[in-house]
Amino acid sequence: MNIQFILNGEDIQIVAEAGDRLSDILAGRHYSDSVHQHCGYGVCGRCMVLMDGLPVNSCLVPAYEVRNSEVISWEGLIQTPEYQLIEIAWQTHKLELCSFCRPAVSLLMASLMDSSSRPSDAAIEETLSALNCRCTAPERLFAAGRTVVNLKEGRNKPDVR
Ligand code: FES
Ligand code: FES
(Lines give C-alpha, C1' and ligand atoms only; values in the text may rest on other atoms or scores of the structure.)
(Ligands and ions follow the chains in the order given, each with its own letter.)
Protein backbone atom coordinates (compact mmCIF):
# COMPACT_ATOMS: atom_id res chain seq x y z
CA MET A 1 0.00 0.00 0.00
CA ASN A 2 1.12 3.54 -0.71
CA ILE A 3 1.72 5.67 2.35
CA GLN A 4 2.39 9.37 2.40
CA PHE A 5 3.28 11.22 5.60
CA ILE A 6 5.42 14.07 6.87
CA LEU A 7 8.52 13.20 8.84
CA ASN A 8 10.31 16.10 10.54
CA GLY A 9 8.89 18.45 7.93
CA GLU A 10 9.83 16.28 4.98
CA ASP A 11 7.32 14.67 2.65
CA ILE A 12 7.76 10.86 2.69
CA GLN A 13 6.15 8.52 0.16
CA ILE A 14 6.69 4.80 0.53
CA VAL A 15 5.17 1.47 -0.34
CA ALA A 16 4.50 -0.48 2.88
CA GLU A 17 3.80 -4.16 3.41
CA ALA A 18 0.50 -5.17 5.02
CA GLY A 19 2.05 -6.00 8.42
CA ASP A 20 4.43 -3.06 8.60
CA ARG A 21 4.37 -0.80 11.62
CA LEU A 22 5.64 2.76 11.88
CA SER A 23 8.80 1.49 13.59
CA ASP A 24 9.46 -0.83 10.63
CA ILE A 25 9.39 2.21 8.38
CA LEU A 26 11.42 4.57 10.57
CA ALA A 27 14.04 2.16 11.88
CA GLY A 28 13.87 -0.61 9.30
CA ARG A 29 14.24 1.78 6.37
CA HIS A 30 16.71 4.04 8.18
CA TYR A 31 14.61 7.18 8.26
CA SER A 32 15.53 7.65 11.92
CA ASP A 33 18.52 6.54 13.97
CA SER A 34 16.75 7.34 17.23
CA VAL A 35 13.90 4.87 16.71
CA HIS A 36 14.84 1.39 17.92
CA GLN A 37 12.90 -1.82 17.56
CA HIS A 38 13.53 -3.45 20.92
CA CYS A 39 10.63 -5.07 22.77
CA GLY A 40 8.28 -4.72 19.81
CA TYR A 41 5.14 -4.59 21.91
CA GLY A 42 4.87 -1.15 23.45
CA VAL A 43 6.75 -1.56 26.72
CA CYS A 44 10.27 -0.17 26.43
CA GLY A 45 9.59 3.20 24.75
CA ARG A 46 12.70 2.98 22.59
CA CYS A 47 10.67 3.53 19.45
CA MET A 48 8.85 6.66 20.63
CA VAL A 49 7.93 9.47 18.24
CA LEU A 50 5.30 12.18 18.12
CA MET A 51 2.45 11.46 15.73
CA ASP A 52 0.19 14.44 15.13
CA GLY A 53 1.59 15.89 18.33
CA LEU A 54 1.01 12.88 20.56
CA PRO A 55 3.70 10.51 21.84
CA VAL A 56 3.32 7.00 20.46
CA ASN A 57 5.36 3.84 20.60
CA SER A 58 5.83 3.43 16.88
CA CYS A 59 5.99 -0.36 17.17
CA LEU A 60 2.27 -0.27 18.00
CA VAL A 61 1.22 1.89 15.04
CA PRO A 62 0.19 0.02 11.89
CA ALA A 63 1.56 1.59 8.73
CA TYR A 64 -1.89 2.40 7.37
CA GLU A 65 -2.55 4.67 10.36
CA VAL A 66 0.47 6.77 9.43
CA ARG A 67 -1.16 7.92 6.21
CA ASN A 68 -1.35 11.73 6.00
CA SER A 69 -0.01 12.15 9.52
CA GLU A 70 2.81 14.32 10.79
CA VAL A 71 5.56 12.43 12.57
CA ILE A 72 8.36 14.00 14.58
CA SER A 73 11.28 11.94 15.76
CA TRP A 74 14.11 12.95 18.05
CA GLU A 75 16.06 14.21 15.01
CA GLY A 76 13.28 16.66 14.25
CA LEU A 77 12.63 17.63 17.85
CA ILE A 78 16.18 18.78 18.50
CA GLN A 79 15.80 21.40 15.75
CA THR A 80 12.95 23.13 17.59
CA PRO A 81 13.07 26.03 20.09
CA GLU A 82 11.15 23.85 22.59
CA TYR A 83 14.02 21.42 22.65
CA GLN A 84 16.43 24.14 23.77
CA LEU A 85 14.29 24.59 26.92
CA ILE A 86 14.21 20.85 27.48
CA GLU A 87 17.96 20.60 27.16
CA ILE A 88 18.49 23.47 29.62
CA ALA A 89 16.30 21.64 32.15
CA TRP A 90 18.17 18.35 31.73
CA GLN A 91 21.47 20.16 32.25
CA THR A 92 20.18 22.14 35.21
CA HIS A 93 19.19 18.94 36.97
CA LYS A 94 22.27 17.06 35.78
CA LEU A 95 20.13 14.32 34.30
CA GLU A 96 22.34 11.82 32.58
CA LEU A 97 19.83 9.87 30.58
CA CYS A 98 20.83 7.06 28.26
CA SER A 99 20.46 7.35 24.51
CA PHE A 100 17.08 5.59 24.69
CA CYS A 101 15.53 7.59 27.52
CA ARG A 102 16.71 11.03 26.49
CA PRO A 103 14.77 11.05 23.20
CA ALA A 104 11.71 9.48 24.82
CA VAL A 105 11.50 11.86 27.78
CA SER A 106 12.18 14.86 25.54
CA LEU A 107 9.39 13.85 23.16
CA LEU A 108 7.04 13.33 26.11
CA MET A 109 7.79 16.79 27.49
CA ALA A 110 7.47 18.40 24.05
CA SER A 111 4.02 16.90 23.61
CA LEU A 112 2.99 18.07 27.08
CA MET A 113 4.12 21.62 26.34
CA ASP A 114 2.17 21.58 23.07
CA SER A 115 -1.01 20.23 24.58
CA SER A 116 -1.33 22.44 27.63
CA SER A 117 -0.03 25.91 28.33
CA ARG A 118 0.10 25.37 32.09
CA PRO A 119 0.45 21.66 32.80
CA SER A 120 -0.27 20.70 36.40
CA ASP A 121 2.15 18.70 38.53
CA ALA A 122 -0.16 15.71 38.09
CA ALA A 123 -0.05 16.09 34.30
CA ILE A 124 3.75 16.22 34.34
CA GLU A 125 3.91 13.13 36.55
CA GLU A 126 1.45 11.25 34.39
CA THR A 127 3.27 12.18 31.19
CA LEU A 128 6.64 11.11 32.53
CA SER A 129 5.23 7.85 33.88
CA ALA A 130 5.23 6.63 30.27
CA LEU A 131 9.02 6.53 30.41
CA ASN A 132 10.46 3.12 31.12
CA CYS A 133 13.69 4.20 32.84
CA ARG A 134 14.94 1.94 35.59
CA CYS A 135 17.83 4.07 36.79
CA THR A 136 16.59 7.62 37.39
CA ALA A 137 14.42 8.43 40.38
CA PRO A 138 10.97 9.61 39.29
CA GLU A 139 11.36 12.64 41.60
CA ARG A 140 14.39 13.81 39.64
CA LEU A 141 12.59 13.37 36.35
CA PHE A 142 9.61 15.26 37.70
CA ALA A 143 11.77 18.15 38.94
CA ALA A 144 13.37 18.44 35.51
CA GLY A 145 9.96 18.25 33.86
CA ARG A 146 8.68 21.02 36.13
CA THR A 147 11.67 23.14 35.11
CA VAL A 148 10.85 22.63 31.43
CA VAL A 149 7.34 23.91 32.07
CA ASN A 150 8.58 26.85 34.13
CA LEU A 151 10.98 27.86 31.38
CA LYS A 152 8.22 27.60 28.79
CA GLU A 153 6.03 29.85 30.94
CA GLY A 154 8.80 32.43 31.00
CA ARG A 155 9.88 31.82 34.54
CA ASN A 156 13.51 31.77 33.63
CA LYS A 157 14.80 30.65 36.99
CA PRO A 158 15.13 26.90 36.74
CA ASP A 159 13.32 25.21 39.61
CA VAL A 160 16.12 23.09 41.06
CA ARG A 161 15.27 20.71 43.89
S1 FES B 1 10.10 -1.29 20.66
FE2 FES B 1 9.61 -1.24 22.79
S3 FES B 1 7.92 0.08 22.90
FE4 FES B 1 8.33 -0.10 20.80
S1 FES C 1 18.45 6.53 31.60
FE2 FES C 1 17.86 5.00 30.21
S3 FES C 1 17.26 3.34 31.46
FE4 FES C 1 17.59 4.97 32.80
Side-chain angles (χ1 to χ4, degrees), residues 1-91 95-120 123-134 136 141-142 144-145 147-149 151-153:
M1 62 190 144
N2 294 317
I3 306 280
Q4 179 276 334
F5 66 104
I6 304 291
L7 174 63
N8 300 329
E10 193 181 328
D11 188 29
I12 305 289
Q13 311 221 18
I14 57 156
V15 177
E17 302 299 323
D20 277 353
R21 302 158 302 169
L22 178 54
S23 60
D24 296 315
I25 298 168
L26 298 178
R29 302 191 191 194
H30 308 292
Y31 282 109
S32 168
D33 290 335
S34 65
V35 173
H36 302 274
Q37 293 179 297
H38 188 65
C39 72
Y41 53 89
V43 172
C44 73
R46 294 181 180 189
C47 63
M48 193 176 291
V49 294
L50 298 180
M51 189 169 146
D52 293 331
L54 296 176
V56 293
N57 287 318
S58 58
C59 67
L60 296 181
V61 180
Y64 65 82
E65 283 189 7
V66 183
R67 230 178 228 140
N68 302 322
S69 69
E70 178 165 9
V71 175
I72 296 179
S73 69
W74 163 253
E75 290 87 351
L77 180 70
I78 61 176
Q79 309 297 330
T80 63
E82 283 78 15
Y83 181 71
Q84 304 313 316
L85 301 183
I86 292 170
E87 185 62 37
I88 289 170
W90 298 166
Q91 287 175 9
L95 276 192
E96 293 186 4
L97 300 170
C98 73
S99 59
F100 303 119
C101 293
R102 182 170 285 262
V105 75
S106 300
L107 288 161
L108 288 168
M109 284 308 302
S111 98
L112 185 66
M113 286 196 290
D114 263 5
S115 65
S116 169
S117 56
R118 302 206 78 175
S120 64
I124 297 170
E125 273 172 0
E126 188 185 338
T127 297
L128 292 176
S129 70
L131 184 71
N132 192 13
C133 169
R134 297 186 200 91
T136 305
L141 278 175
F142 170 79
T147 294
V148 173
V149 170
L151 289 168
K152 174 82 189 304
E153 291 175 353

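All of these numbers come straight from a predicted model, not from anything done at the bench.
- Residues Met1 and Val15 form no side-chain contact, since every pair of their non-hydrogen atoms from C-beta on lies 4.5 Å or further apart.
- For Glu153 and Arg118, the salt-bridge test passes: some basic side-chain N is under 4.0 Å from an acidic carboxylate O.
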| request: Could you go through the side-chain contact (heavy atoms from CB on, under 4.5 Å) check for Glu82 and Val148 one step at a time? | output: CA-CA 9 Å; Glu82 283 78 15; Val148 173; over 6 Å; no
Table please: side-chain donor-acceptor pairs of residues 7-14 below 3.5 Å, with sequence neighbours left out.
{"unit_1": "Asn8", "atom_1": "OD1", "unit_2": "Ser73", "atom_2": "N", "d": "2.9"}
{"unit_1": "Asn8", "atom_1": "ND2", "unit_2": "Ser73", "atom_2": "OG", "d": "2.9"}
{"unit_1": "Asp11", "atom_1": "OD1", "unit_2": "Gln4", "atom_2": "NE2", "d": "2.6"}
{"unit_1": "Asp11", "atom_1": "OD2", "unit_2": "Gln13", "atom_2": "NE2", "d": "3.3"}

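- Between Val35 and Arg46, every side-chain heavy-atom pair lies at or beyond the 4.5 Å cut-off.
- Considering CD of Glu96 and SG of Cys101, their distance stands at 13.0 Å, rounded to 0.5 Å.
- The ring pair (Phe, Tyr, Trp, His ring centres under 6.0 Å) test applied to Tyr83 returns Trp74, not counting sequence neighbours.
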| said: Show, in sequence, the C-alpha distance, side-chain angles and deciding distance for Arg102 and Glu87, and conclude whether the side-chain contact (heavy atoms from CB on, under 4.5 Å) test is met. | reply: CA-CA 10 Å; Arg102 182 170 285 262; Glu87 185 62 37; 3.2 Å; yes
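- Residues satisfying the salt bridge (Lys or Arg N to Asp or Glu O under 4.0 Å) criterion with Arg29, sequence neighbours excluded, are Asp20.
- Considering only residues two or more places apart in sequence or on other chains, Trp90 meets the ring pair (Phe, Tyr, Trp, His ring centres under 6.0 Å) condition with none of them.
- Between the CG atom of Asn68 and the CD1 atom of Ile3 there is a distance of 9.0 Å, given to the nearest 0.5 Å.
- Between the CG atom in Leu22 and the OG atom in Ser32 there is a gap of 9.5 Å [rounded to 0.5 Å].
- The NE2 atom of His36 sits 12.0 Å away from atom OG of Ser23, with the distance rounded to the nearest 0.5 Å.
- A distance of 12.0 Å separates CG in Leu95 from CD1 in Ile86, rounded to the nearest 0.5 Å.
- The two atoms that bring Cys44 and His38 nearest to each other are SG-CB, 3.6 Å, heavy atoms only.
- Under the side chain to side chain donor-acceptor pair (under 3.5 Å) criterion, Asn2 pairs with no residue at all, not counting sequence neighbours.
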Please tabulate, for side-chain N and O atoms in residues 51-63, each donor-acceptor pair with protein atoms closer than 3.5 Å (sequence neighbours left out).
{"unit_1": "Asp52", "atom_1": "OD1", "unit_2": "Glu70", "atom_2": "N", "d": "2.9"}
{"unit_1": "Asn57", "atom_1": "ND2", "unit_2": "Gly42", "atom_2": "O", "d": "3.4"}
{"unit_1": "Ser58", "atom_1": "OG", "unit_2": "Cys47", "atom_2": "O", "d": "2.6"}

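- Contact of the Leu151 side chain with the Ile88 side chain is registered, since non-hydrogen atoms from C-beta on lie closer than 4.5 Å.
- Atom-to-atom distance recorded for Glu75:CD and Leu26:CG is 9.0 Å, nearest 0.5 angstrom.
- Each of Thr136, Leu141, Leu112 was scored for a side chain to side chain contact (heavy atoms under 4.5 Å, CB included) with Leu128, with one residue passing: Leu141.
- Residues Leu50 and Val71 form no side-chain contact, since every pair of their non-hydrogen atoms from C-beta on lies 4.5 Å or further apart.
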